[in-house]
Amino acid sequence: MQDYLEKLNPEQRQAVEHITGPLMVIAGAGSGKTRVLTYRIIHLINNNVSPFSILALTFTNKAAKEMRNRIDSIVGKNISRDLWMGTFHSIFSRILRMEAHKLNYPTNFTIYDTDDAKSLIRSIIKELNLDKDIYKVSIIINRISALKNNFITHDQYSNHQELVQTDKIAKRTEFQRIYAMYSQRCLKASAMDFDDLLLNTYKLLNNFPDALLKYQSKFKYILIDEYQDTNHVQYLIIKKLAALHENICIVGDDAQSIYSFRGAKIQNILNFKSDYPDFKSYKLEQNYRSTNTIVETANSLIKHNENQIPKEVWTENEKGEKIILCKCGSDNDEGRLVANTIFEIKMQDQAYPKDFAILYRTNAQSRALEEALRKQNIPYKIYGGLSFYQRKEIKDILSYCRLTINPNDEEALKRVINYPGRGIGNTTMQKLLVTANENNISIWEVMNNLNNYKHNINNGTSKKLVEFVLLIRNYQAQLENKDAYFLAEHIAKSSGVFGDLYNDKSPEGVSRFENIQELLNGIKDFCENTEVNSLADYMKDVALLTNQDNEKQEDFNKVTLMTIHAAKGLEFPYVFVVGLEQNLFPSMMSGESQEDLEEERRLFYVAITRAEKRLFLSFATNRFKWGQYIDCEPSRFLSELNTQYISKTEIISKQKNKFYNNKKQVLKNKFEKKNNTFKLPPNLKKLSTVTKNIKHSDLSKIQNGMKVLHSKFGNGKILEISGDEANKKATIFFENVGQKQLLLKFAKLEII
DNA sequence: ACCTCAAACATTTTT
DNA sequence: TGTTTGAGGT
């Protein structure tokens with residue numbers, strides 16, 4: 001039992017045995033981070049710490065599950081199941097359900113996923129008669145999410161002038177109204193979105209001292225994985241929870257922080273020192289995962305980032321083979337290169353499909369790769385894209401279930417009230433919505449008491465509405481005494497969804513029907529493996545599940561295709577990183593700023609360090625994008641890699657991308673391979689000036705022709721000053737990004 | 001109220 | 001390029 005300590009190196013062992021007090025573990029890629037976390041939990045248990053008082057937070061369900069399994073195998077299931085271990089979102093939703101009444105939510109509140117949230121925002125924009133081109137749903141939702149993650153509620157929004165100004169400039173003057181309405185509608189629907197789960201947990205701990213004390217005393221030991229990717233609210237919650245015992249252990253790697261777009265702050269790691277001055281820290285720097293070549297290549301890349309905690313990742317592993325960098329003519333060539341290489345290595349090294357991963361920056365890149373793999377008959381699986389639970393037919397069934405548990409759930413209601421068709425169309429829904437808003441109640445309440453409210457819905461339609469209400473009531477009556485599987489199956493059949501799909505014999509219809517059966521099987525599984533098996537119990541966490549959480553057995557031995565973000569925490573013997581082109585990786589959307597660039601570089605770092613044995617990098621000079629062919633240049637990151645570990649190859653296909661249709665021709669058309677024939681662009685580091693610490697000059701004296709420095713856009717020249725004194729605008733030409741108009745009041749410029 | 005077709009639109013990453 | 005939205009007809 002004690003021999004687990006023997007499996008650790010000195011640093012790992014120190015981190016495991018250091019039980020009390022604040023502890024920071026900086027764990028380089030492949031340094032056995034998960035091992036330290038699991039052994040530390042086991043060590044706590046062996047030192048008579050009750051599993052109930054251990055809180056372990058991870059970033060994904062998968063990570064939590066994996067860790068739980070490892071702990072199971074050492075201390076047994078009956079101990080490990082009492083651990084509070086899971087993602088931030090799942091643990092906090094568990095707490096919130098117990099304390100919901102304090103925040104005016106019912107225990108069975110709904111969790112809105114991103115699609116629900118989007119649909120709600122879309123309908124608010126419509127109700128307010130706003131221009132949907134100015135108020136883009138994706139922008140609004142990201143903005144609301146960012147505000148929530150920084151703990152700025154809709155009524156606090158106006159206290160932040162810079163936010164108000166940004167929206168003013170973008171002509172989104174009604175943003176606050178949308179935000180406010182969104183929050184109210186969520187509350188009225190008894191629904192929380194992902195961000196609310198965090199925000200409301202913080203509110204709970206902040207506004208209810210008894211609740212705070214309860215959880216502070218309960219969680220005597222707190223462990224947090226992937227700490228570099230926690231956002232501000234998460235940071236605040238953890239700080240509060242840990243305040244009593246200060247037995248907090250954070251594990252992370254600043255070089256792998258890749259979620260700042262979602263509000264993650266590397267700063268949180270640095271804050272740790274000031275929040276817990278008597279903290280202890282260990283660095284895990286020995287890599288057990290990759291060959292020396294891969295480790296050194298990754299190091300050569302990441303050293304281009306200025307903003308990082310110094311560390312030296314090293315390995316005792318063998319040197320390994322050189323990294324292959326391949327130039328391809330097109331995205332299709334790239335796909336075929338990858339497929340051919342996999343085919344060859346499988347033969348040479350006796351490798352299995354599951355040993356390979358293909359990583360890319362954006363989900364859209366998977367198409368060419370899939371096609372090539374299919375042609376080579378290589379089995380593959382794709383993560384990302386549409387999750388199982390986001391599929392239409394699944395959401396339909398789940399929406400009926402949601403509605404049964406929480407009839408105020410507006411998004412679920414809108415989804416199923418007329419599916420299958422019941423003759424309740426848009427017009428009726430609009431009328432209901434207006435009545436609901438006028439009386440500040442939910443649509444369900446209006447439908448429930450149609451006679452009590454003023455509306456002009458005719459008798460025929462009213463009757464249909466009443467029928468629908470009765471249908472849902474019938475389901476509700478069975479919530480208490482029937483298990484989840486029975487009720488879900490009953491719902492699928494009696495709602496008409498099952499029949500509707502059964503009659504659809506098109507391939508899509510058949511697959512939808514099968515998906516629903518798969519869902520029902522999943523629910524059956526759930527019922528058989530738990531004591532609490534009501535529909536409400538099943539529905540609790542469904543919104544928090546993702547694709548990766550229900551991997552099918554038959555998918556086990558397949559090549560993995562995924563985005564680099566999704567690959568975090570995973571490892572594969574053979575890794576292909578594709579699409580290494582400017583404007584794709586680094587992404588076009590990541591601005592010109594040093595910070596954005598460094599995040600993209602960390603992302604590439606994560607990609608490289610997934611590989612155990614061999615790494616293949618590739619880029620295309622021509623790529624199909626937005627319905628047309630675009631010329632591409634190799635990624636600037638490629639020229640940052642130490643060339644001594646890289647072997648360059650070029651693949652020339654005689655065919656043009658456009659005429660790539662003739663199968664036979666393609667198969668016969670063997671690639672021509674050339675070595676070391678192409679040059680990468682010069683190292684671009686100098687081009688992007690390091691502009692993090694610009695001085696904010698007094699801009700009252702600004703004049704035409706002055707040269708200025710902007711933190712994001714770099715060097716520029718003032719072309720014109722316009723506007724009245726209070727809202728002076730400057731038109732500036734920036735060398736790197738072209739002409740921009742900035743409001744001087746808020747622009748951070750240095751006059752040079 | 002529902003169906004059909006054409007035009008517009010969209011691609012960063014996710015719990 | 002594939003998907004979604006909206007107009008117009010039934």
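Here is how names work: the chains are called A, B, and so on, in the same order as the sequence lines, proteins then strands, and each is numbered from 1.
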Student: Mind checking A:Lys568 for me? I need base, sugar-phosphate or nothing, with any heavy atom below 4.0 Å counting as a touch.
Tutor: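 Answer is nothing: A:Lys568 stays at 4.0 Å or more from every strand.
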Student: In Å, rounded to the nearest 0.5 Å, how long is the span from CG of A:Leu198 to OG of A:Ser145?
Tutor: 9.0 Å
Student: Need to verify one output field. Residue with the more 5' nearest nucleotide on DNA chain B, A:Gln365 or A:Thr114?
Tutor: A:Gln365
Student: Given B:dC2, is OP1 or OP2 found less than 4.0 Å from the side-chain N or O atoms of A:Asn418?
Tutor: yes
Student: Using whole Å, report how far CD1 of A:Ile139 lies from C1' of B:dA10.
Tutor: 13 Å
Student: Is the closest side-chain donor-acceptor distance between A:Ser260 and A:Glu599 under 3.5 Å?
Tutor: yes
Student: Please state whether the phosphate of B:dA1, meaning OP1 or OP2, lies under 4.0 angstrom from any side-chain nitrogen or oxygen of A:Thr427.
Tutor: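 For A:Thr427, the contact criterion (side-chain N or O under 4.0 Å from OP1 or OP2 of B:dA1) is met.
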Student: Is the closest basic N to carboxylate O distance between A:Lys375 and A:Glu371 below 4.0 Å?
Tutor: yes
Student: Looking only at the side chains, is there a donor atom on one of A:Glu370 and A:Tyr380 sitting less than 3.5 Å from an acceptor on the other?
Tutor: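 Yes.
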Student: From CG of A:Asp331 over to P of C:dT1, roughly how many Å is that when rounded to an integer?
Tutor: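 Whole-Å distance recorded here is 13 Å.
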Student: Check whether the side chains of A:Lys265 and A:Asn150 place a donor and an acceptor atom closer than 3.5 Å, and report yes or no.
Tutor: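 Distance-only check passes for A:Lys265 and A:Asn150.
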Student: Distances under 3.5 Å only, N/O to N/O: pair up the protein atoms with those of nucleotides 7-10 of chain C.
Tutor:
none

Student: From the set B:dT11, B:dT15, C:dT1, return the single nucleotide nearest to any side-chain atom of A:Ala364.
Tutor: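 That would be B:dT11.
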Student: Quick one: on DNA chain B, does A:Phe59 or A:Thr428 contact a more 5' nucleotide (nearest heavy atom)?
Tutor: A:Thr428
Student: Taking the C1' atom in each of C:dT4 and B:dT13, what is the distance between them to the nearest angstrom?
Tutor: 22 Å
Student: Expressed in angstrom and rounded to an integer, what is the separation of A:Lys118 atom NZ from C:dT5 atom P?
Tutor: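 For the pair A:Lys118 NZ and C:dT5 P, the rounded distance is 10 Å.
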Student: Identify, with sequence neighbours excluded, every residue that meets side-chain hydrogen bond (donor to acceptor under 3.5 Å, both in side chains) alongside A:Asn268.
Tutor: A:Thr230
Student: Can you measure A:Leu584 atom CG to B:dT13 atom P for me and round it to whole angstrom units?
Tutor: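 After rounding, the gap between these two atoms is 11 Å.
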Student: Going by ring centres under 5.5 Å and near-parallel planes (under 30°), is A:Phe261 stacked on B:dT13?
Tutor: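 Stacked: ring centres under 5.5 Å, planes under 30°.
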Student: Determine the interatomic distance between C1' on B:dT11 and the same-named atom on C:dG6; round to the nearest Å.
Tutor: 22 Å
Student: Taking atom C1' of B:dT14 as reference, at what distance in whole Å does atom CG of A:Leu603 sit?
Tutor: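 So the CG-C1' distance, A:Leu603 to B:dT14, works out to 13 Å.
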Student: In whole angstroms, how far is the P atom of B:dT14 from the NE2 atom of A:His565?
Tutor: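 The answer, rounded to whole Å, is 7 Å.
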Student: Check the phosphate of B:dT15 against A:Asn231, side-chain N and O only, distance under 4.0 Å to OP1 or OP2. Yes or no?
Tutor: no
Student: Ignoring backbone atoms, establish whether A:Thr563 has a side-chain N or O less than 4.0 Å from OP1 or OP2 of B:dT14.
Tutor: yes
Student: Checking A:Arg262 now: which residues fulfil salt bridge (Lys or Arg N to Asp or Glu O under 4.0 Å) with it, not counting sequence neighbours?
Tutor: none
Student: Side-chain N or O of A:Arg422 less than 4.0 angstrom from OP1 or OP2 on B:dA1?
Tutor: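 No, no such contact exists.
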